[in-house]
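Beneath this line is the structure, given in C-alpha cells, with notes to follow.
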Amino acid sequence: MRRLLRALRSAEDGNVLVTVALALPLLVGSAGLAVDTIQWTWSKRNLQAAADAAATAGVYAAIQGDSVEDAVAQALARSGDTGVGTNVQVVRFPKGHEGDSLAVEVRLAAPAALSFTGMFLSSRPSIGSSAIATVVETGEYC
C-alpha cells in the first residue's frame with residue numbers, strides 16, 4: 001500500500017486534470033455570483049425607475065386634485081417592472097416635506113430572483129427602492 005501511495009505522489013500524469021477539478025467549483029461559483037450581481041443590479045435599476053415614475057405621477061395627480069394612489073398604481077402598471085409580490089407604499093407628506101401638500105413618496109419592495117445564490121438561501125431577499133417627488137417653486141432642488 002505504501003508503494004502505491006509513493007508511486008501516486010511522484011507520478012506526474014494527470015496533474016492538469018486534478019488542478020482543473022479543484023479549480024472548477026471556484027470558477028462556477030464566481031460565474032454564478034457574477035450573474036446574480038448583474039440580476040440584482042438590473043432589478044434594482046428597474047425598480048428605482050418605476051418608483052421615480054410613480055412618484056412623479058403622484059405629484060401630477062395631487063396638482064390636478066385626483067387620487068394620488070390611483071395615479072401611482074397606474075404608473076406602476078404602465079412601467080411593467082414591478083412583478084408579483086411587490087410591496088407598494090404611497091406616503092403623502094414624507095419626512096422632510098411635512099408642510100408640502102404636493103410631496104409624494106413611493107416605496108417599493110420586491111423579492112429578488114437570484115438564480116445561483118437562491119439555491120443556497122431559505123428565503124428570497126428583498127430589493128427596496130424609494131422616490132420622493134414634489135413641486136419646487138424656488139428653483140432650489142436636490
Side-chain angles (χ1 to χ4, degrees), residues 1-64 66-136 138-142:
M1 183 69 167
R2 285 187 166 181
R3 281 186 176 173
L4 178 63
L5 290 176
R6 282 187 206 145
L8 285 176
R9 189 171 36 181
S10 64
E12 295 180 12
D13 299 339
N15 285 342
V16 173
L17 181 63
V18 171
T19 304
V20 169
L22 291 174
L24 196 58
L26 181 63
L27 180 65
V28 170
S30 297
L33 286 176
V35 168
D36 280 354
T37 301
I38 291 168
Q39 283 180 324
W40 187 286
T41 303
W42 184 260
S43 296
K44 173 71 174 170
R45 179 177 168 254
N46 289 341
L47 201 63
Q48 184 63 52
D52 292 341
T56 303
V59 170
Y60 285 138
I63 291 170
Q64 295 172 355
D66 295 336
S67 171
V68 172
E69 288 78 12
D70 290 344
V72 167
Q74 289 173 2
L76 290 174
R78 278 192 306 269
S79 73
D81 292 324
T82 56
V84 176
T86 301
N87 182 12
V88 180
Q89 290 180 337
V90 180
V91 179
R92 297 292 310 267
F93 314 108
K95 185 176 178 182
H97 299 276
E98 289 85 1
D100 189 354
S101 63
L102 299 177
V104 176
E105 180 179 12
V106 175
R107 298 179 192 152
L108 302 176
L114 303 175
S115 55
F116 180 73
T117 54
M119 294 185 296
F120 305 107
L121 299 174
S122 60
S123 64
R124 294 169 65 177
S126 180
I127 298 175
S129 184
S130 68
I132 298 176
T134 188
V135 175
V136 179
T138 62
E140 295 178 22
Y141 52 91
C142 58

Apply side-chain contact (heavy atoms from CB on, under 4.5 Å) to F93 and list each qualifying residue two or more places apart in sequence or on a separate chain.
S101
Here the gap from L114 atom CG to W40 atom CH2, rounded to the nearest 0.5 Å, amounts to 6.0 Å
Side chains of residues 49-60: which donor-acceptor pairs under 3.5 Å do they make with residues two or more places apart or in other chains?
from	atom 1	to	atom 2	distance (Å)
D52	OD1	Q48	NE2	2.9
T56	OG1	D52	O	2.9

Applying side chain to side chain donor-acceptor pair (under 3.5 Å), can you list everything that pairs with T117, at least two apart in sequence or on another chain?
D36
Set of side-chain contact (heavy atoms from CB on, under 4.5 Å) partners for I132, sequence neighbours left out
P94, H97, E105
Residues in side-chain contact (heavy atoms from CB on, under 4.5 Å) with A109, at least two apart?
N87, S126
With the side chain counted from C-beta on, respond yes when V88 and R107 share a heavy-atom pair under 4.5 Å apart, and no when they do not.
no
D66: which residues meet the side chain to side chain donor-acceptor pair (under 3.5 Å) condition with it, sequence neighbours left out?
none
What heavy-atom pair brings L102 and T134 nearest, and what distance separates the two atoms?
C-OG1, 3.8 Å
Only pairs at least two apart or in different chains count here, so list each ring-ring contact (aromatic ring centres under 6.0 Å, His included) that has a residue in residues 13-33.
none
If you round to the nearest 0.5 Å, how far is OG1 of T41 from CG of N46?
11.0 Å
Heavy-atom closest pair (R124 atom, P111 atom, distance to 0.1 Å) is NH2-O, 3.5 Å
side-chain contact (heavy atoms from CB on, under 4.5 Å) with S67: which residues, sequence neighbours excluded?
E69, D70
Quick one: ring-ring contact (aromatic ring centres under 6.0 Å, His included) pairs with a partner in residues 100-129, sequence neighbours left out?
F116-F120
Taken to the nearest 0.5 Å, the spacing of L76 CG from L47 CG works out to 9.0 Å
Can any side-chain N or O of Q39 pair as donor or acceptor with the backbone N or O of T37 at less than 3.5 Å?
no
